[in-house]
Amino acid sequence: MLFDPAKIRNIAIIAHVDHGKTTLVDHLLKQAGTFRDNEHVDERLMDSMDLEKERGITIAAKNASFMYKDFKINIVDTPGHSDFGGEVERILNMVDGAILLVDASEGPLPQTRFVLKKALEQNLKVLVCVNKIDRPDARIQEVLNEVFDLMIDLDASEEQANFVPVYAIAREGVATLDPAVKTTDLTCLYEKIISEVPAPKVFEDKPLQLMISNLSYNTFVGRLGIGRMRAGKIRVGDEVLCMQDKNVNKKVKVSALFQYRVNQQVPVQEIGAGDIAIVAGLEDFGIGDTITNPLDPQPLPRIRVEEPTVGMIFSVNDGPFGGRDGKKVTSRTILERLEKEMLHNVALRLEKTNTNESFKVIGRGELQLAVLIEQMRREGFELCVSKPQVIFKEEDGKKKEPFEIAIVDIEDQYTGVVTEKMGIRKGVMINMNNKGSGRTRLEFRIPSRGLIGYRSEFLTDTRGTGLLNTQFDGWDDYRGDISSRNTGAMISDRQGVTTAYAIWNLQERGRMFVHPVAEVYNGMIVGEHAKENDLEVNITREKKLTNVRASGSDEAIRLVPVKSLTLEQAMEWIHDEELIEVTPTHIRLRCRQLDPHKRNRVRADKINED
């Protein structure tokens, strides 16, 4: 189906995490008349993955389309968390404009800066939308000033910096050009999109050019390449050339074409320049590939994203309980799954290690890697993963490490403890802003290493009221050793089943990770020891039964409630010599060396090296 390019608008919604992108897209789709009045529509329609619905965040960029008047608007919902910044970088190739959503209270945060920088680099038209103006702590004018300062700081052009903002309450589906004037719908935002976002620049008389920016899968026609038509037309049955990385070119026959109608893919016969196309016909489409005319091939520049900075080792589960829960346990199946992930996640890298049983996965941050692990365990995989480690590099003979800007929003009373903890982790305060509402915003520049394992400690220090956001800030000189966890581990010395009696006797020595009647094995970590040294314990010990009664020997057993560690908490807690055993039904902590004698030998060798 061909549309006049002048009647097409391609737009992305970009913002910091939890500023209301997906909610706004919901109402844009609903108010455009895309659903029947009696049709049931899920909340956060664009969050299609189970993990997205559970966590309330967007993980993968997703396309949708709707008609407003006689205009076709293609819209892309993007993730707001910095770990998924690669999704934003590659998706901005598909659009001509972006709606920058900013919270009326929080203002621009680290990811706001990142996504705005990428949009300005692509010379996109940016519409500024201040969301959540109904918040009691909204500070609309200050936030607008902060956005303007951010634009200037990022070298925006005069035209880009002279923006006319839209004010919205995405949850209620209303937008206005004046916060004092109440409206009932998003009409002014639709009109802004049509009047201010330029129509796509197209070259209809030139040979076909289509850049693959996203991948999908259809059970009937196989892998789908999603991208924007830069030039020419494409029809079902056409012979085209797919120009891939490393100068690999493949001739392809287009077996099917689809376009988005709302968030559903509908088959079409022909797609013209300026529109978003979904192409089937090749099983190994890759992100960044160009589909072009085989008689006059004209490749587009490949998508490049910023380098990942954090790596983890994924290895086969070689523990005593390996293979009990999962169906996919071999190194071959793990490698195939990781290679499949690399095809559509451009922000990840996969490296081989010196053994065939383990693989190094490098990503943008702990959350991105945790989401990958969680997806794998839900698919039936069993594996062991190591502590996240930052990637170092050499420049001019100097060791460099990644740095991040950490923006902390806390109550005034916790400023001292947070500043102290950041200082221990080599963080340097670069800004401090007291909001006057009992909360303070602090900015630190800190090595990425210093933030690994700190988030849960930060929540404890601020009694759950603090907000911590980070953004990659380039590479700098290595800052030396950073002290990590100052507690030891309680390690089971035998295989068996835990007893309430044994846990009761051990709980005064630290925090327990296992419940009564849980299966454990030799070398499995069952708790956190309050002191620095590791402690080998018998957590399967039962109370000896006798016929003799005595006062004090029949005390009631009262156990402290055990809060099982989540995957992210486990990744923060473990040391270099410890692993997380991940299965579809369990998350266990264990020592890298299960045999205590080997553990002692490795520890002694490490001390000798130091």
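No hydrogens, no waters, no symmetry mates; every other heavy atom, side chains included, goes into these values.
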Task: Which atom of Val76 lies closest to which atom of Ile91, heavy atoms considered - done: CG1-CG1, 3.4 Å

Open item on the list: Please check this pair: side chain of Arg599 against backbone of Gln593, looking for a donor-acceptor N/O pair closer than 3.5 Å.
Closed with: yes

Task: Under the side-chain contact (heavy atoms from CB on, under 4.5 Å) test, residues paired with Glu542 that sit two or more places apart - done: Thr499

Task: Rounded distance (nearest 0.5 Å) linking atom OG of Ser386 with atom CZ of Phe314 - done: 8.5 Å

TODO: Compare all side-chain heavy atoms of Arg425 with those of Leu451 and state whether any distance is below 4.5 angstrom.
DONE: no

TODO: Could you pull out the closest heavy-atom pair between Ile503 and Pro516, with the gap in Å?
DONE: CD1-N, 3.6 Å

- [ ] For Lys598, enumerate each residue passing the salt bridge (Lys or Arg N to Asp or Glu O under 4.0 Å) test, keeping only those at least two apart in sequence or located in another chain.
- [x] none

Open item on the list: Is it true that, when you exclude Arg135 itself, more than 12 heavy atoms of the residues, nucleotides or ligands shown sit nearer than 6.0 Å to its CZ?
Closed with: yes

TODO: Using the test ring-ring contact (aromatic ring centres under 6.0 Å, His included), find all partners of Tyr454 that sit at least two apart in sequence or belong to another chain.
DONE: Phe458

- [ ] State whether the side chain of Asn434 and the backbone N or O of Thr440 hold a donor-acceptor pair below 3.5 Å, judged by distance alone.
- [x] no

- [ ] Would you name the heavy atoms of Leu468 and Ala406 that are closest together and state the gap between them?
- [x] CD1-CB, 4.0 Å

Task: Arg445 side chain to Ile405 backbone, donor-acceptor under 3.5 Å - done: no

Open item on the list: Run the side-chain contact (heavy atoms from CB on, under 4.5 Å) test against Glu420 and tell me which residues pass, sequence neighbours left out.
Closed with: Ile424

Task: Arg441 (side chain) donor-acceptor with Glu106 (main chain) under 3.5 angstrom - done: yes

- [ ] Nearest 0.5 Å please: distance from the CZ atom of Phe444 over to the CE atom of Met432.
- [x] 8.5 Å

Task: Where at least one partner belongs to residues 309-321, residue pairs that pass salt bridge (Lys or Arg N to Asp or Glu O under 4.0 Å), sequence neighbours excluded - done: Asp318-Arg590

Task: pair Ile587-Ile580: side-chain heavy atoms closer than 4.5 Å - done: yes

Task: Expected output: side-chain Lys328 to main-chain Gly380 donor-acceptor under 3.5 Å - done: no

Task: Phe392 and Arg449, any side-chain heavy atoms less than 4.5 Å apart - done: yes

Enumerate donor-acceptor pairs with a distance under 3.5 Å from any side-chain N or O in residues 518-525 to protein atoms, sequence neighbours excluded.
from   : atom 1 : to     : atom 2 : distance (Å)
Glu519 : OE1    : Arg324 : NH1    : 2.9
Glu519 : OE2    : Arg324 : NH1    : 3.2
Tyr521 : OH     : Glu581 : OE1    : 2.5

Task: Any pair counted as salt bridge (Lys or Arg N to Asp or Glu O under 4.0 Å), so long as it reaches residues 349-358, sequence neighbours left out - done: Glu307-Arg349

Open item on the list: Any non-hydrogen side-chain atom of Val497 less than 4.5 Å from a side-chain atom of Thr540?
Closed with: no

- [ ] Only counting residues at least two apart or in another chain, list the ones meeting side-chain hydrogen bond (donor to acceptor under 3.5 Å, both in side chains) with Asn131.
- [x] none

- [ ] Could you tell me whether the side chain of Thr487 and the main chain of Glu532 form a donor-acceptor pair under 3.5 Å?
- [x] no

Task: Side-chain donor or acceptor of His27 paired with backbone N/O of Ala170 under 3.5 Å - done: yes

Task: Heavy-atom side-chain contact between Asn538 and Arg494 under 4.5 Å - done: yes

Open item on the list: Measuring from atom CZ of Arg592 to atom CG of Leu594, what distance do you get when rounded to the nearest 0.5 angstrom?
Closed with: 11.5 Å

TODO: Please name all residues satisfying salt bridge (Lys or Arg N to Asp or Glu O under 4.0 Å) with Arg455, sequence neighbours left out, ordered by chain then number.
DONE: none

TODO: Quick one: pull up CD1 in Ile362 and CD in Gln389 and give me the separation to the nearest 0.5 Å.
DONE: 12.0 Å

- [ ] Could you check if a side-chain atom of Asp134 sits within less than 4.5 angstrom of a side-chain atom of Glu172, using non-hydrogen atoms only?
- [x] yes

TODO: Look at the rings of Tyr501 and Trp504 and say which category their plane angle falls in: under 30° parallel, 30 to 60° tilted, over 60° perpendicular.
DONE: tilted

Open item on the list: Hydrogens and angles aside, do Thr585 and Asp325 bring a side-chain donor and acceptor to less than 3.5 Å of each other?
Closed with: yes

Task: Passing option when Leu567 is tested against Glu366, Glu374, Glu572 for side chain to side chain contact (heavy atoms under 4.5 Å, CB included) - done: Glu374

TODO: Taking all heavy atoms of Ala570 and all of Leu589, pick out the closest pair and write down the distance.
DONE: CB-CD2, 3.7 Å

TODO: Give a yes or no on whether the backbone of Val329 and the side-chain of Glu382 come within a donor-acceptor separation of less than 3.5 Å.
DONE: no

Task: Interatomic spacing from CG in Asn505 to NZ in Lys543 - rounded to 0.5 Å - done: 10.0 Å

Open item on the list: Side chains of Ser358 and Thr353 only: does a donor on one sit below 3.5 Å from an acceptor on the other?
Closed with: yes

TODO: Inspect the contact between Lys387 and Asp576 and indicate whether a charged nitrogen and a carboxylate oxygen are less than 4.0 angstrom apart.
DONE: no

- [ ] Apply ring-ring contact (aromatic ring centres under 6.0 Å, His included) to Phe513 and list each qualifying residue two or more places apart in sequence or on a separate chain.
- [x] Trp573

Open item on the list: Main chain of Val316, side chain of Ser331: is a donor-acceptor contact present, judged purely on distance under 3.5 Å?
Closed with: no

Open item on the list: Could you check whether atom CG of Asn356 has more than 12 heavy atoms from other residues, nucleotides or ligands sitting under 6.0 Å from it?
Closed with: no

Open item on the list: The criterion is side-chain hydrogen bond (donor to acceptor under 3.5 Å, both in side chains); which residues satisfy it with Arg337, sequence neighbours excluded?
Closed with: Glu341, Glu379

Task: pair Glu404-Asp473: side-chain heavy atoms closer than 4.5 Å - done: no

Open item on the list: Keeping Arg377 on the side-chain end and Thr583 on the backbone end, is there a donor-acceptor pair under 3.5 Å?
Closed with: yes

Task: Asp477 side, atom CG; Glu401 side, atom CD - distance, nearest 0.5 Å - done: 9.0 Å

- [ ] Write out all pairs satisfying salt bridge (Lys or Arg N to Asp or Glu O under 4.0 Å) with one or both partners inside residues 502-516, taking only residues at least two apart or from two chains.
- [x] Arg511-Glu528

- [ ] Grab the two heavy atoms, one from Leu348 and one from Leu372, that are nearest each other, plus how far apart they are.
- [x] CD1-CD2, 4.2 Å

TODO: Could you walk me through whether Lys340 and Glu336 pass salt bridge (Lys or Arg N to Asp or Glu O under 4.0 Å), step by step?
DONE: CA-CA 6 Å; Lys340 181 181 169 188; Glu336 284 174 1; over 6 Å; no

- [ ] Identify the two heavy atoms, one from Ile539 and one from Met512, that lie closest to each other, and give their separation to 0.1 Å.
- [x] CD1-CE, 3.6 Å

